[in-house]
Amino acid sequence: MDSQLEQLRAASLAEIAAAGDEGAVETVRVKYLGRSGSISGLSEAMKTVSKEDKPRLGKLLNETRNAVTAALDERKTALAAAADALAFADVDVTLPGTAPQLGSLHPITQLQDRAIQIFRRMGFALADGPDIEDEWHCFDALNTPADHPARNEQDTFYLPDGRLLRTHTSTVQIRTMEKAAPPVRIIAPGAAYRRDEIDATHLAQFTQMEGLYVDEGVSVADLKGTLEFFFRELFGSDAKFRFRPHFFPFTEPSFEVDIKAGAFGGGERWLEIAGCGMVDPAVFEQVNGRRRDTAYDPEKYTGFAFGFGLDRLAMIMSGVPDIRAFTDNDQRFLAQF
Ligand code: PHE
């Protein structure tokens with residue numbers, strides 16, 4: 001039996017070494033260690049050996065089985081490693097990986113967030129209103145009569161039921177005053193829509209930010225101070241402004257705000273950046289009518305309102321010559337902000 005074991009050991013180890021893949025290794029395992037394998041057969045034969053020989057032969061049998069088992073495991077591991085090495089033969093694992101591309105907030109969103117932060121510090125709360133409006137909130141309540149050009153079908157997107165896409169965020173002035181009695185101090189960023197021919201300075205949908213402050217004793221000085229503070233926070237403390245008389249149906253007096261282009265390295269030109277004015281008493285009366293009270297008593301309260309286009313601001317701040325760049329979604333453009 002000694003020599004039989006020796007033979008089996010030598011033969012099995014040789015076969016294991018010669019096994020070329022996992023399947024071949026398994027065949028060798030079954031042949032020697034399987035239920036009816038040769039080494040298992042010898043274990044059966046142990047029952048018949050003499051008492052004196054049993055301990056020695058038992059030990060030898062165990063050693064043989066252990067040696068074959070170890071050789072099988074080793075061969076399997078070696079074959080798997082070789083297969084891995086082959087699979088990665090063409091891969092240079094020392095090359096840098098592919099970095100994930102991080103996105104960022106849209107430049108208009110970034111500017112809007114900054115603007116909100118600045119107005120928050122002056123006590124302005126965020127307000128909101130629907131993009132689809134009725135004519136009353138968009139025009140009538142804002143003292144814009146039926147024959148006003150802004151109401152022309154050619155200038156506005158009307159829905160079949162007579163509602164329209166708001167042409168400005170001034171609608172939120174009205175919606176805010178309908179809900180809350182004075183004092184109110186809000187800003188309302190959001191989309192506005194006009195039936196403009198799309199070109200380098202016009203989009204059919206753009207982004208505005210509206211402001212409204214109504215309280216006792218609010219004056220043009222407060223309006224000027226608030227807007228100048230805001231724009232200086234954005235453009236730097238040396239920025240120069242001009243308030244030019246203008247006309248809006250819902251404010252009286254009304255102004256347009258110009259900034260010296262020098263604030264963006266643009267020299268001595270004046271650039272228009274906002275519309276504003278003192279809330280027209282006729283607007284308060286419209287709101288009172290809806291509220292069925294006299295909360296906005298024009299004898300007691302005054303207020304100012306302003307509105308500006310965030311797209312236009314972003315264009316002049318960043319020297320973007322074409323407003324369409326903000327909606328083209330070209331990564332090469334957006335990644336610069
Ligand atoms: N709604 C005006 C516009 O879109 C801007 C504005 C807002 C003017 C508030 C005065 C007061 O042009």
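Indexing begins at 1, ligand by ligand and atom by atom, following the structure's order.
- Residue His168 has at least one heavy-atom neighbour below 4.0 Å for each of these atoms of ligand 1: 1 (N), 4 (O).
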**Study point:** Intermediate values then yes/no, ring-ring contact (aromatic ring centres under 6.0 Å, His included), Phe230 and Phe124
**Key:** CA-CA 12 Å; Phe230 169 69; Phe124 284 79; 9.5 Å; no
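- Residue nearest to atom 12 (O) of ligand 1, selected from Phe304, Phe248, Phe306, Phe247: Phe248 (by heavy-atom distance).
- At a heavy-atom distance under 4.0 Å, only side-chain atoms of Arg194, from C-beta outward, approach ligand 1.
- Residue Gly307 approaches ligand 1 through these ligand atoms, each under 4.0 Å from one of its heavy atoms: 6 (C), 7 (C), 9 (C).
- For Arg290 and Trp136, the positive end sits near the middle of the six-membered ring, less than 6.0 Å away and at most 45° from its axis.
- Here Cys276 has backbone heavy atoms under 4.0 Å from ligand 1, and that is the only part of it that gets that close.
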Exercise for review: Determine, stepwise, if the pair Met278 / Val220 fulfils side chain to side chain contact (heavy atoms under 4.5 Å, CB included).
Suggested key: CA-CA 7 Å; Met278 301 305 291; Val220 175; 3.6 Å; yes
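- Here the CD1-CG distance, from Ile108 to Asp311, works out to 4.5 Å after rounding to the nearest 0.5 Å.
- Close approach to Ala305 involves these atoms of ligand 1, each under 4.0 Å from a residue heavy atom: 9 (C), 11 (C).
- Note: no N/O pair closer than 3.5 Å links Gln173 and ligand 1 by distance alone.
- Taking the ring centre of Phe243 as origin, the terminal cationic atom of Lys224 falls inside the region bounded by 6.0 Å and 45° from the ring axis.
- The single protein non-hydrogen atom nearest to atom 2 (C) of ligand 1 is Phe250 CZ, 3.9 Å, given as residue, atom name and distance.
- A side-chain N or O of Tyr32 and one of Glu15 form a donor-acceptor pair less than 3.5 Å apart.
- A salt bridge links Asp140 with Arg151: the closest approach of a Lys/Arg side-chain nitrogen to an acidic carboxylate oxygen falls below 4.0 angstrom.
- Looking at atom 1 (N) of ligand 1, its nearest protein heavy atom turns out to be Ser170 OG, 2.9 Å.
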